[in-house]
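Nothing here was measured: the structure is a model prediction, and the numbers come from that model. In the text below, chain A, chain B and the rest are named by the order of the sequence lines, each starting its count at 1.
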2 protein chains.
Amino acid sequence: MKGYLWTGGDPGSQSTVAPPDNGRLAPWEAIAVEAVGNVIEFWGFKRNQGRVWGLLYLRGEPLTAGEIERELDLSKGGVSMLLRDLERWGVIQRVRVPQDTVWRYAAETDLVRMVTHVVEEREAAFVTRIRADLSEARRLAEAVGGVPPERLRKLERMATLAEHVERALRLFIKTSRLDVAGVLGAFRDGALGRKGER
Amino acid sequence: MKGYLWTGGDPGSQSTVAPPDNGRLAPWEAIAVEAVGNVIEFWGFKRNQGRVWGLLYLRGEPLTAGEIERELDLSKGGVSMLLRDLERWGVIQRVRVPQDTVWRYAAETDLVRMVTHVVEEREAAFVTRIRADLSEARRLAEAVGGVPPERLRKLERMATLAEHVERALRLFIKTSRLDVAGVLGAFRDGALGRKGER
DNA sequence: CATATAGTTCAAGACCGCGTGAACTGCACC
DNA sequence: GGTGCAGTTCACGCGGTCTTGAACTATATG
(Lines give C-alpha, C1' and ligand atoms only; values in the text may rest on other atoms or scores of the structure.)
Protein backbone atom coordinates (compact mmCIF):
# COMPACT_ATOMS: atom_id res chain seq x y z
CA MET A 1 0.00 0.00 0.00
CA LYS A 2 2.93 2.31 -0.58
CA GLY A 3 2.03 3.41 -4.10
CA TYR A 4 3.54 2.84 -7.51
CA LEU A 5 5.52 4.75 -10.02
CA TRP A 6 3.59 6.60 -12.64
CA THR A 7 5.08 6.34 -16.11
CA GLY A 8 2.33 7.88 -18.20
CA GLY A 9 2.52 10.26 -21.13
CA ASP A 10 5.10 13.04 -21.22
CA PRO A 11 4.22 16.01 -19.03
CA GLY A 12 4.30 18.46 -21.93
CA SER A 13 1.22 17.03 -23.60
CA GLN A 14 -1.09 17.78 -20.76
CA SER A 15 -1.54 21.43 -21.60
CA THR A 16 -2.31 20.89 -25.26
CA VAL A 17 -5.55 18.98 -25.04
CA ALA A 18 -7.58 20.44 -22.25
CA PRO A 19 -7.66 23.14 -19.60
CA PRO A 20 -4.74 21.75 -17.63
CA ASP A 21 -5.68 22.58 -14.09
CA ASN A 22 -6.69 26.16 -14.21
CA GLY A 23 -8.91 25.53 -11.26
CA ARG A 24 -12.32 25.20 -12.79
CA LEU A 25 -13.87 22.08 -14.29
CA ALA A 26 -15.14 22.08 -17.84
CA PRO A 27 -18.96 22.05 -17.77
CA TRP A 28 -19.20 18.58 -19.21
CA GLU A 29 -16.73 17.35 -16.64
CA ALA A 30 -18.70 18.95 -13.87
CA ILE A 31 -21.85 17.19 -14.97
CA ALA A 32 -20.22 13.80 -15.22
CA VAL A 33 -18.42 14.18 -11.91
CA GLU A 34 -21.64 15.22 -10.27
CA ALA A 35 -23.37 12.20 -11.72
CA VAL A 36 -20.85 9.88 -10.13
CA GLY A 37 -21.27 11.76 -6.89
CA ASN A 38 -25.00 11.20 -6.99
CA VAL A 39 -24.68 7.51 -7.69
CA ILE A 40 -22.23 6.96 -4.92
CA GLU A 41 -24.34 8.89 -2.48
CA PHE A 42 -27.34 6.87 -3.52
CA TRP A 43 -25.54 3.74 -2.44
CA GLY A 44 -24.81 5.11 0.98
CA PHE A 45 -21.35 6.56 0.53
CA LYS A 46 -20.29 10.15 0.65
CA ARG A 47 -21.10 12.21 -2.37
CA ASN A 48 -17.61 13.68 -2.46
CA GLN A 49 -16.00 10.28 -2.48
CA GLY A 50 -17.82 9.73 -5.74
CA ARG A 51 -16.87 13.13 -7.10
CA VAL A 52 -13.20 12.56 -6.40
CA TRP A 53 -13.19 9.14 -8.00
CA GLY A 54 -15.16 10.48 -10.94
CA LEU A 55 -12.69 13.25 -11.55
CA LEU A 56 -9.73 10.92 -11.40
CA TYR A 57 -11.39 8.47 -13.70
CA LEU A 58 -12.34 11.09 -16.26
CA ARG A 59 -8.94 12.70 -16.32
CA GLY A 60 -7.22 9.38 -16.76
CA GLU A 61 -3.95 10.74 -15.48
CA PRO A 62 -2.98 10.95 -11.82
CA LEU A 63 -3.76 14.20 -10.05
CA THR A 64 -2.32 15.70 -6.91
CA ALA A 65 -4.38 16.42 -3.83
CA GLY A 66 -3.99 20.10 -4.50
CA GLU A 67 -5.44 19.79 -7.98
CA ILE A 68 -8.39 17.83 -6.71
CA GLU A 69 -8.88 20.41 -4.04
CA ARG A 70 -9.06 23.19 -6.61
CA GLU A 71 -11.10 21.39 -9.24
CA LEU A 72 -13.77 20.18 -6.87
CA ASP A 73 -13.58 23.12 -4.51
CA LEU A 74 -12.93 21.08 -1.40
CA SER A 75 -10.82 21.74 1.63
CA LYS A 76 -7.36 20.35 2.11
CA GLY A 77 -8.37 18.24 5.04
CA GLY A 78 -11.43 16.95 3.28
CA VAL A 79 -9.49 15.81 0.26
CA SER A 80 -7.01 14.04 2.47
CA MET A 81 -9.69 12.03 4.20
CA LEU A 82 -11.56 11.26 1.02
CA LEU A 83 -8.40 10.02 -0.66
CA ARG A 84 -7.60 7.86 2.30
CA ASP A 85 -11.02 6.21 2.19
CA LEU A 86 -10.82 5.62 -1.53
CA GLU A 87 -7.33 4.23 -1.30
CA ARG A 88 -8.23 1.91 1.54
CA TRP A 89 -11.04 0.52 -0.57
CA GLY A 90 -8.65 0.02 -3.45
CA VAL A 91 -10.55 2.18 -5.91
CA ILE A 92 -7.76 4.68 -6.37
CA GLN A 93 -4.04 4.25 -6.35
CA ARG A 94 -1.28 6.41 -5.03
CA VAL A 95 1.47 6.91 -7.57
CA ARG A 96 4.73 8.78 -7.56
CA VAL A 97 6.05 10.55 -10.64
CA PRO A 98 9.81 10.01 -10.93
CA GLN A 99 11.79 12.87 -9.45
CA ASP A 100 8.73 14.62 -8.21
CA THR A 101 8.02 14.89 -4.53
CA VAL A 102 4.24 14.92 -4.37
CA TRP A 103 1.87 11.98 -4.39
CA ARG A 104 -0.58 11.64 -7.21
CA TYR A 105 -3.74 9.62 -7.30
CA ALA A 106 -5.17 7.56 -10.12
CA ALA A 107 -8.55 5.91 -10.45
CA GLU A 108 -8.79 2.17 -10.42
CA THR A 109 -11.71 0.72 -12.32
CA ASP A 110 -12.92 -1.33 -9.39
CA LEU A 111 -15.45 1.19 -8.20
CA VAL A 112 -18.38 -0.89 -9.31
CA ARG A 113 -17.00 -4.02 -7.78
CA MET A 114 -16.37 -2.19 -4.55
CA VAL A 115 -19.86 -0.79 -4.43
CA THR A 116 -21.52 -4.15 -5.01
CA HIS A 117 -19.20 -5.72 -2.48
CA VAL A 118 -19.86 -3.22 0.27
CA VAL A 119 -23.55 -3.14 -0.44
CA GLU A 120 -23.63 -6.90 -0.32
CA GLU A 121 -21.97 -7.01 3.06
CA ARG A 122 -24.14 -4.30 4.44
CA GLU A 123 -27.42 -5.78 3.32
CA ALA A 124 -26.47 -9.28 4.26
CA ALA A 125 -25.46 -8.30 7.77
CA PHE A 126 -28.57 -6.24 8.09
CA VAL A 127 -31.03 -8.87 7.01
CA THR A 128 -29.30 -11.41 9.19
CA ARG A 129 -29.70 -9.16 12.17
CA ILE A 130 -33.37 -8.65 11.45
CA ARG A 131 -33.97 -12.34 11.30
CA ALA A 132 -32.13 -12.83 14.54
CA ASP A 133 -34.26 -10.17 16.19
CA LEU A 134 -37.44 -11.72 14.96
CA SER A 135 -36.59 -15.17 16.21
CA GLU A 136 -35.54 -13.69 19.51
CA ALA A 137 -38.90 -12.01 19.73
CA ARG A 138 -40.59 -15.27 18.98
CA ARG A 139 -38.56 -17.06 21.63
CA LEU A 140 -39.46 -14.46 24.23
CA ALA A 141 -43.10 -14.52 23.28
CA GLU A 142 -43.23 -18.26 23.71
CA ALA A 143 -41.38 -18.05 27.00
CA VAL A 144 -43.76 -15.65 28.67
CA GLY A 145 -46.74 -17.71 27.56
CA GLY A 146 -50.27 -16.47 27.18
CA VAL A 147 -49.51 -14.99 23.80
CA PRO A 148 -52.27 -15.94 21.40
CA PRO A 149 -51.03 -18.30 18.70
CA GLU A 150 -52.09 -16.05 15.86
CA ARG A 151 -49.64 -13.47 17.02
CA LEU A 152 -46.89 -16.03 17.12
CA ARG A 153 -47.76 -16.85 13.57
CA LYS A 154 -47.37 -13.24 12.62
CA LEU A 155 -43.84 -13.26 13.93
CA GLU A 156 -43.10 -16.41 12.01
CA ARG A 157 -44.41 -14.90 8.82
CA MET A 158 -42.32 -11.83 9.21
CA ALA A 159 -39.27 -14.02 9.64
CA THR A 160 -39.94 -16.08 6.52
CA LEU A 161 -40.58 -12.88 4.64
CA ALA A 162 -37.20 -11.60 5.70
CA GLU A 163 -35.70 -14.86 4.50
CA HIS A 164 -37.21 -14.50 1.10
CA VAL A 165 -36.10 -10.93 0.76
CA GLU A 166 -32.64 -12.05 1.67
CA ARG A 167 -32.65 -14.69 -1.01
CA ALA A 168 -33.91 -12.24 -3.63
CA LEU A 169 -31.23 -9.83 -2.60
CA ARG A 170 -28.45 -12.34 -2.98
CA LEU A 171 -29.74 -13.29 -6.35
CA PHE A 172 -29.76 -9.67 -7.37
CA ILE A 173 -26.21 -9.11 -6.31
CA LYS A 174 -25.06 -12.20 -8.11
CA THR A 175 -26.78 -11.41 -11.40
CA SER A 176 -25.82 -7.80 -11.13
CA ARG A 177 -22.24 -8.88 -10.73
CA LEU A 178 -22.50 -11.06 -13.78
CA ASP A 179 -24.30 -8.48 -15.79
CA VAL A 180 -21.84 -5.80 -14.92
CA ALA A 181 -18.79 -7.98 -15.41
CA GLY A 182 -19.11 -7.80 -19.17
CA VAL A 183 -19.22 -4.05 -19.13
CA LEU A 184 -16.34 -3.91 -16.75
CA GLY A 185 -14.04 -5.43 -19.31
CA ALA A 186 -14.57 -2.58 -21.73
CA PHE A 187 -14.69 -0.17 -18.82
CA ARG A 188 -11.32 -1.19 -17.57
CA ASP A 189 -9.13 -0.85 -20.63
CA GLY A 190 -9.89 2.81 -20.97
CA ALA A 191 -8.81 3.99 -17.58
CA LEU A 192 -5.09 3.61 -17.39
CA GLY A 193 -2.84 1.60 -19.65
CA ARG A 194 -2.45 -0.85 -16.84
CA LYS A 195 -4.59 -3.29 -14.98
CA GLY A 196 -5.48 -3.65 -11.35
CA GLU A 197 -4.07 -6.70 -9.66
CA ARG A 198 -5.51 -6.84 -6.21
CA MET B 1 -60.42 7.71 2.03
CA LYS B 2 -63.01 8.12 4.68
CA GLY B 3 -62.41 4.84 6.51
CA TYR B 4 -64.50 1.75 7.06
CA LEU B 5 -66.44 0.17 9.84
CA TRP B 6 -64.58 -2.17 12.07
CA THR B 7 -66.54 -5.31 12.93
CA GLY B 8 -63.88 -7.41 14.57
CA GLY B 9 -64.01 -9.51 17.71
CA ASP B 10 -66.06 -8.43 20.72
CA PRO B 11 -64.45 -5.67 22.75
CA GLY B 12 -64.47 -7.72 25.95
CA SER B 13 -61.87 -10.18 24.72
CA GLN B 14 -59.13 -7.65 24.40
CA SER B 15 -58.20 -7.58 28.03
CA THR B 16 -58.02 -11.32 28.48
CA VAL B 17 -55.16 -12.21 26.22
CA ALA B 18 -52.50 -9.58 26.60
CA PRO B 19 -51.56 -6.40 28.40
CA PRO B 20 -54.40 -4.38 26.91
CA ASP B 21 -52.86 -0.96 26.57
CA ASN B 22 -51.27 -0.32 29.90
CA GLY B 23 -48.78 1.89 28.16
CA ARG B 24 -45.74 -0.31 27.83
CA LEU B 25 -44.99 -2.83 25.12
CA ALA B 26 -44.22 -6.42 26.00
CA PRO B 27 -40.51 -7.05 25.43
CA TRP B 28 -41.07 -9.39 22.54
CA GLU B 29 -43.35 -6.85 20.94
CA ALA B 30 -40.77 -4.14 21.37
CA ILE B 31 -38.16 -6.21 19.60
CA ALA B 32 -40.41 -7.07 16.70
CA VAL B 33 -41.64 -3.51 16.33
CA GLU B 34 -38.10 -2.26 16.40
CA ALA B 35 -37.15 -4.76 13.72
CA VAL B 36 -39.81 -3.42 11.40
CA GLY B 37 -38.64 0.09 12.16
CA ASN B 38 -35.12 -0.84 11.17
CA VAL B 39 -36.18 -2.44 7.94
CA ILE B 40 -38.30 0.48 6.92
CA GLU B 41 -35.58 2.93 7.76
CA PHE B 42 -33.15 0.86 5.74
CA TRP B 43 -35.33 1.36 2.72
CA GLY B 44 -35.34 5.09 3.12
CA PHE B 45 -38.50 5.70 5.09
CA LYS B 46 -38.86 6.98 8.58
CA ARG B 47 -38.13 4.52 11.30
CA ASN B 48 -41.26 5.47 13.19
CA GLN B 49 -43.45 4.80 10.20
CA GLY B 50 -42.21 1.26 10.39
CA ARG B 51 -42.71 1.05 14.13
CA VAL B 52 -46.28 2.20 13.88
CA TRP B 53 -47.09 -0.22 11.11
CA GLY B 54 -45.34 -2.99 12.98
CA LEU B 55 -47.34 -2.39 16.11
CA LEU B 56 -50.62 -2.33 14.23
CA TYR B 57 -49.72 -5.47 12.37
CA LEU B 58 -48.67 -7.35 15.47
CA ARG B 59 -51.72 -6.39 17.46
CA GLY B 60 -54.04 -7.39 14.66
CA GLU B 61 -56.83 -5.24 16.01
CA PRO B 62 -57.23 -1.54 15.28
CA LEU B 63 -55.68 0.88 17.74
CA THR B 64 -56.41 4.51 18.41
CA ALA B 65 -53.88 7.26 17.92
CA GLY B 66 -53.70 7.67 21.67
CA GLU B 67 -52.79 4.05 22.20
CA ILE B 68 -50.09 4.19 19.58
CA GLU B 69 -48.79 7.34 21.19
CA ARG B 70 -48.46 5.61 24.54
CA GLU B 71 -47.13 2.28 23.32
CA LEU B 72 -44.43 3.73 21.16
CA ASP B 73 -43.80 6.78 23.27
CA LEU B 74 -44.36 9.29 20.49
CA SER B 75 -45.87 12.75 20.50
CA LYS B 76 -49.46 13.42 19.53
CA GLY B 77 -48.51 15.48 16.52
CA GLY B 78 -45.99 12.94 15.39
CA VAL B 79 -48.46 10.08 15.49
CA SER B 80 -50.92 12.13 13.49
CA MET B 81 -48.44 12.75 10.73
CA LEU B 82 -47.14 9.20 10.69
CA LEU B 83 -50.65 7.83 10.41
CA ARG B 84 -51.43 10.20 7.61
CA ASP B 85 -48.41 9.04 5.63
CA LEU B 86 -49.17 5.40 6.17
CA GLU B 87 -52.79 5.86 5.26
CA ARG B 88 -51.95 7.75 2.10
CA TRP B 89 -49.72 4.89 1.07
CA GLY B 90 -52.52 2.46 1.72
CA VAL B 91 -50.62 0.37 4.25
CA ILE B 92 -52.96 1.11 7.12
CA GLN B 93 -56.67 1.67 7.19
CA ARG B 94 -58.79 4.01 9.22
CA VAL B 95 -61.72 2.21 10.77
CA ARG B 96 -64.58 3.26 12.97
CA VAL B 97 -65.94 1.02 15.70
CA PRO B 98 -69.76 1.26 15.79
CA GLN B 99 -70.98 3.74 18.36
CA ASP B 100 -67.53 4.88 19.23
CA THR B 101 -66.31 8.32 18.36
CA VAL B 102 -62.63 7.82 17.81
CA TRP B 103 -60.82 6.63 14.74
CA ARG B 104 -58.87 3.44 14.90
CA TYR B 105 -56.13 2.27 12.60
CA ALA B 106 -55.49 -1.21 11.28
CA ALA B 107 -52.53 -2.57 9.36
CA GLU B 108 -52.96 -3.59 5.78
CA THR B 109 -50.63 -6.29 4.55
CA ASP B 110 -49.43 -4.28 1.62
CA LEU B 111 -46.36 -2.96 3.32
CA VAL B 112 -44.01 -5.10 1.30
CA ARG B 113 -45.72 -4.25 -1.92
CA MET B 114 -45.56 -0.59 -1.06
CA VAL B 115 -41.89 -0.75 -0.25
CA THR B 116 -40.98 -2.52 -3.46
CA HIS B 117 -43.15 -0.13 -5.38
CA VAL B 118 -41.69 3.01 -3.94
CA VAL B 119 -38.18 1.68 -4.17
CA GLU B 120 -38.77 0.75 -7.76
CA GLU B 121 -39.96 4.22 -8.65
CA ARG B 122 -37.17 5.85 -6.80
CA GLU B 123 -34.38 3.81 -8.32
CA ALA B 124 -35.81 3.89 -11.80
CA ALA B 125 -36.19 7.65 -11.77
CA PHE B 126 -32.74 7.97 -10.33
CA VAL B 127 -30.95 5.80 -12.82
CA THR B 128 -32.79 7.48 -15.64
CA ARG B 129 -31.63 10.84 -14.45
CA ILE B 130 -28.04 9.67 -14.25
CA ARG B 131 -28.15 8.42 -17.78
CA ALA B 132 -29.59 11.69 -18.94
CA ASP B 133 -26.83 13.59 -17.19
CA LEU B 134 -24.16 11.43 -18.73
CA SER B 135 -25.44 11.84 -22.25
CA GLU B 136 -25.77 15.56 -21.66
CA ALA B 137 -22.15 15.62 -20.58
CA ARG B 138 -21.20 13.74 -23.71
CA ARG B 139 -23.15 16.14 -25.87
CA LEU B 140 -21.46 19.14 -24.30
CA ALA B 141 -18.05 17.58 -24.57
CA GLU B 142 -18.54 16.97 -28.26
CA ALA B 143 -19.89 20.47 -28.76
CA VAL B 144 -16.89 22.28 -27.31
CA GLY B 145 -14.54 20.15 -29.33
CA GLY B 146 -10.92 19.48 -28.53
CA VAL B 147 -11.83 16.80 -26.02
CA PRO B 148 -9.62 13.78 -26.59
CA PRO B 149 -11.60 10.81 -27.86
CA GLU B 150 -10.52 8.52 -25.05
CA ARG B 151 -12.32 10.76 -22.61
CA LEU B 152 -15.44 10.67 -24.71
CA ARG B 153 -15.21 6.92 -24.58
CA LYS B 154 -15.08 7.05 -20.83
CA LEU B 155 -18.35 8.91 -20.75
CA GLU B 156 -19.88 6.39 -23.09
CA ARG B 157 -18.75 3.54 -20.90
CA MET B 158 -20.20 5.09 -17.83
CA ALA B 159 -23.50 5.44 -19.62
CA THR B 160 -23.62 1.83 -20.75
CA LEU B 161 -22.68 0.78 -17.25
CA ALA B 162 -25.62 2.72 -15.90
CA GLU B 163 -27.82 1.01 -18.43
CA HIS B 164 -26.73 -2.39 -17.29
CA VAL B 165 -27.24 -1.56 -13.67
CA GLU B 166 -30.68 -0.37 -14.54
CA ARG B 167 -31.50 -3.63 -16.24
CA ALA B 168 -30.19 -5.66 -13.31
CA LEU B 169 -32.24 -3.55 -10.99
CA ARG B 170 -35.44 -4.11 -12.87
CA LEU B 171 -34.78 -7.80 -12.92
CA PHE B 172 -34.25 -7.76 -9.20
CA ILE B 173 -37.48 -5.97 -8.53
CA LYS B 174 -39.39 -8.35 -10.73
CA THR B 175 -37.98 -11.52 -9.20
CA SER B 176 -38.24 -10.06 -5.74
CA ARG B 177 -41.88 -9.35 -6.42
CA LEU B 178 -42.42 -12.88 -7.56
CA ASP B 179 -40.45 -14.37 -4.75
CA VAL B 180 -42.25 -12.34 -2.16
CA ALA B 181 -45.66 -12.86 -3.69
CA GLY B 182 -45.84 -16.42 -2.42
CA VAL B 183 -45.10 -15.37 1.10
CA LEU B 184 -47.55 -12.55 0.86
CA GLY B 185 -50.41 -14.97 0.48
CA ALA B 186 -49.69 -16.58 3.83
CA PHE B 187 -48.75 -13.21 5.20
CA ARG B 188 -52.04 -11.69 4.28
CA ASP B 189 -54.53 -14.07 5.80
CA GLY B 190 -53.18 -13.52 9.27
CA ALA B 191 -53.67 -9.79 9.47
CA LEU B 192 -57.33 -9.03 9.32
CA GLY B 193 -60.09 -11.30 8.13
CA ARG B 194 -60.70 -8.94 5.28
CA LYS B 195 -59.02 -7.75 2.17
CA GLY B 196 -58.13 -4.30 0.96
CA GLU B 197 -60.14 -3.07 -2.00
CA ARG B 198 -58.97 0.40 -2.74
C1' DC C 1 -74.05 27.59 23.08
C1' DA C 2 -70.36 25.84 26.23
C1' DT C 3 -67.26 22.30 27.04
C1' DA C 4 -64.36 18.46 26.28
C1' DT C 5 -61.88 15.49 23.58
C1' DA C 6 -59.85 13.93 18.99
C1' DG C 7 -57.11 15.32 15.40
C1' DT C 8 -54.06 18.65 12.51
C1' DT C 9 -50.55 21.95 11.56
C1' DC C 10 -46.31 24.20 12.03
C1' DA C 11 -42.50 26.86 14.13
C1' DA C 12 -38.88 25.85 17.23
C1' DG C 13 -35.56 22.81 18.73
C1' DA C 14 -32.97 18.31 19.11
C1' DC C 15 -30.12 15.60 16.64
C1' DC C 16 -26.65 13.90 13.40
C1' DG C 17 -23.43 13.59 9.66
C1' DC C 18 -20.30 16.03 6.82
C1' DG C 19 -16.84 19.37 5.53
C1' DT C 20 -13.99 23.07 7.12
C1' DG C 21 -9.93 25.17 8.66
C1' DA C 22 -6.43 25.55 11.93
C1' DA C 23 -3.00 23.21 14.42
C1' DC C 24 0.06 19.60 13.92
C1' DT C 25 3.46 16.11 11.80
C1' DG C 26 6.71 14.77 8.42
C1' DC C 27 9.89 15.57 4.92
C1' DA C 28 12.93 17.91 1.65
C1' DC C 29 15.95 21.35 0.59
C1' DC C 30 18.96 25.26 1.73
C1' DG D 1 18.61 24.27 12.41
C1' DG D 2 15.19 26.81 9.74
C1' DT D 3 11.92 27.51 6.14
C1' DG D 4 8.31 25.89 3.21
C1' DC D 5 5.20 22.71 1.47
C1' DA D 6 2.56 18.12 1.44
C1' DG D 7 -0.27 15.60 4.16
C1' DT D 8 -3.02 14.34 8.55
C1' DT D 9 -6.03 14.96 12.42
C1' DC D 10 -9.81 16.72 14.88
C1' DA D 11 -12.96 20.16 17.37
C1' DC D 12 -16.29 23.02 15.69
C1' DG D 13 -20.17 24.74 12.94
C1' DC D 14 -23.30 24.42 9.24
C1' DG D 15 -27.18 22.27 6.96
C1' DG D 16 -30.32 18.89 6.74
C1' DT D 17 -33.95 15.78 8.78
C1' DC D 18 -37.09 14.26 12.36
C1' DT D 19 -39.74 15.16 16.56
C1' DT D 20 -41.86 17.85 19.77
C1' DG D 21 -45.28 20.75 21.90
C1' DA D 22 -48.45 24.28 21.68
C1' DA D 23 -51.89 26.68 19.13
C1' DC D 24 -55.56 25.73 16.33
C1' DT D 25 -59.70 23.27 14.04
C1' DA D 26 -63.27 19.86 14.06
C1' DT D 27 -66.64 17.13 16.19
C1' DA D 28 -69.51 15.13 19.60
C1' DT D 29 -72.28 15.84 23.95
C1' DG D 30 -75.17 17.95 27.35
A:Glu69 atom CD is separated from D:dC5 atom P, nearest whole Å, by 14 Å
Are B:Glu142 and B:Arg138 close enough for a salt bridge, meaning some N to O gap below 4.0 Å? yes
How many Å lie between CZ on A:Arg96 and C1' on C:dA28, as a whole number? 11 Å
Between the side chains of B:Arg84 and B:Glu87, is the shortest nitrogen-to-carboxylate-oxygen separation below 4.0 Å, so that they form an ion pair? no
Take the protein atom CD of A:Glu87 and the nucleotide atom P of D:dA6, then report the distance between them rounded to whole Å. 18 Å
What integer distance in Å separates B:Asp100:CG from D:dT27:P? 17 Å
Find every protein N or O atom lying less than 3.5 Å from an N or O atom of nucleotides 9-19 of chain C, and list the pairs.
residue : atom : partner : partner atom : Å
C:dT9   : OP2  : B:Arg84 : NE           : 3.2
C:dT9   : OP2  : B:Arg84 : NH2          : 3.3
C:dG19  : OP1  : A:Asn48 : ND2          : 2.6

Send over the distance from B:Trp103 CH2 to D:dT27 P, rounded to a whole Å. 11 Å
B:Leu58 and B:Ala32 have their tightest heavy-atom pair at CD1-CB, 3.5 Å
Which pair of heavy atoms, one from B:Tyr105 and one from B:Leu83, lies closest together, and at what distance? CE1-CD1, 3.4 Å
Measure from CD on B:Glu67 to C1' on C:dA6 and round the result to the nearest Å. 13 Å
Taking atom P of C:dT20 as reference, at what distance in whole Å does atom CD1 of A:Ile68 sit? 14 Å
Here the distance between atom P of D:dG7 and atom CG of A:Asp85, to the nearest Å, is 16 Å
Can you confirm if the aromatic rings of A:Trp89 and A:Phe45 lie within a centre distance of less than 6.0 Å? yes
Show your working on side-chain contact (heavy atoms from CB on, under 4.5 Å) between B:Leu56 and B:Ile68 and close with a plain yes or no. CA-CA 8 Å; B:Leu56 293 177; B:Ile68 296 171; 4.0 Å; yes
